[in-house]
Amino acid sequence: MKIENYVRDIQGFPKEGILFKDITPLLNDPIATKKCLSILVDSLKGQKIDKVVGAESRGFFFGILLAQELNAGFVPVRKPKKLPYEIISASYELEYGTDTLEMHTDAIKKGDRVLIHDDVLATGGTAKAVCELVEKLGGEIVQCNFLMELTFLNGRQKINEHPIFAAITY
Ligand code: AMP
């Protein structure tokens, strides 16, 4: 089975010029989902993980599955004004302007071994902001992993001080 066969390309979504990688066919198939999860878990080679941090919102799907599989806690990183408790925030640049991500201050303890997960590594802005949040709380980033990496956007340059793994590369 090839998990890339379960990713659907949608041209021009959410706006013109973007080739959107739709993972709903993958999520819709339990065998493809399990295969993808095992590829991500195997890439860690048995390393201990205390917390899996998933980026809103498509990083939540496999983020929670990974946390369960690794016996780790799950931490949601969310867009502004979604989290109810005390937060820290990190901003990152978009094509036009900036965006901000937030995380609860008690989500990670100093020295926690952290896996960061998102569906797509594109320009790397999101992943970099998530790394900043984890490091602000003293977490140790073991790996940043993704279902897909769009290599032509060079996102890994923004987070290249950490190990990076992607199940599919384009
Ligand atoms: P970036 O910050 O540029 O690395 O973008 C990563 C975030 O944007 C991820 O959370 C993805 O869900 C989303 N994203 C970026 N490009 C795409 C794409 N071509 N298809 C689907 N999602 C994308």
Side-chain angles (χ1 to χ4, degrees), residues 2-29 32-33 35-37 39-41 43 49 51-67 72 74-83 87-104 107-108 114-136 139 141-170:
K2 288 199 159 185
I3 53 167
E4 42 272 61
N5 293 341
Y6 294 82
V7 176
R8 176 165 56 193
D9 283 355
I10 309 282
Q11 185 67 60
F13 182 87
K15 57 183 182 184
E16 218 174 297
I18 296 194
L19 183 64
F20 189 84
K21 298 290 185 186
D22 175 21
I23 60 165
T24 61
L26 179 65
L27 297 171
N28 202 266
D29 187 291
T33 296
K35 165 99 184 188
C36 194
L37 182 61
I39 291 170
L40 293 173
V41 169
S43 78
I49 300 292
K51 300 282 165 63
V52 177
V53 177
E56 178 164 353
S57 60
R58 288 181 298 276
F60 294 170
F61 303 129
F62 277 89
I64 291 166
L65 293 175
L66 280 163
F74 177 74
V75 177
V77 163
R78 301 212 60 184
K79 305 266 168 64
K81 300 200 165 83
K82 301 280 188 190
L83 290 170
I87 50 119
I88 51 166
S89 59
S91 293
Y92 61 103
E93 298 207 356
L94 299 170
E95 205 179 347
Y96 303 102
T98 62
D99 216 339
T100 300
L101 289 173
E102 298 181 345
M103 184 166 74
H104 275 153
I108 287 169
V114 175
L115 169 65
I116 290 174
H117 172 77
D118 202 359
D119 64 336
V120 176
L121 174 62
T123 66
T126 305
K128 184 167 189 284
V130 176
C131 288
E132 272 176 41
L133 292 173
V134 169
E135 285 175 331
K136 266 187 200 172
I141 298 168
V142 176
Q143 188 193 66
C144 299
N145 80 26
F146 305 89
L147 302 179
M148 287 164 270
E149 177 181 359
L150 309 181
T151 53
F152 52 91
L153 293 174
N154 283 325
R156 65 168 52 226
Q157 278 184 359
K158 293 209 177 87
I159 51 168
N160 61 9
E161 65 272 40
H162 306 296
I164 300 166
F165 177 79
I168 309 170
T169 52
Y170 294 99

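All ligand and atom numbering here is 1-based and tracks the order in the structure.
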Carboxylate-amine/guanidinium proximity below 4.0 Å for Lys128 and Glu132: yes
All salt bridge (charged side-chain N to carboxylate O under 4.0 Å, His left out) counterparts of Asp99, not counting sequence neighbours: none
Indicate yes or no for a side-chain donor-acceptor contact from Lys35 to the backbone of Ile3 under 3.5 Å, with no hydrogens or angles considered. no
Under a 4.0 Å heavy-atom cut-off, which residues neighbour ligand 1? Leu19, Phe20, Lys21, Arg58, Asp118, Asp119, Val120, Ala122, Thr123, Gly124, Gly125, Thr126, Leu150
Taking NZ in Lys82 as the centre, count heavy atoms belonging to other residues, nucleotides or ligands within less than 6.0 Å. Is the count above 12? no
Does Glu102 have any salt bridge (charged side-chain N to carboxylate O under 4.0 Å, His left out) partners at least two apart in sequence or in another chain, and if so, which? none
Name the atoms and distances for all side-chain donor-acceptor pairs under 3.5 Å in residues 150-170, with sequence neighbours left out.
unit_1, atom_1, unit_2, atom_2, d
Thr151, OG1, Tyr170, O, 2.5
Arg156, NE, Glu149, OE2, 2.9
Arg156, NH2, Glu149, OE1, 3.0
Lys158, NZ, Thr123, O, 2.8

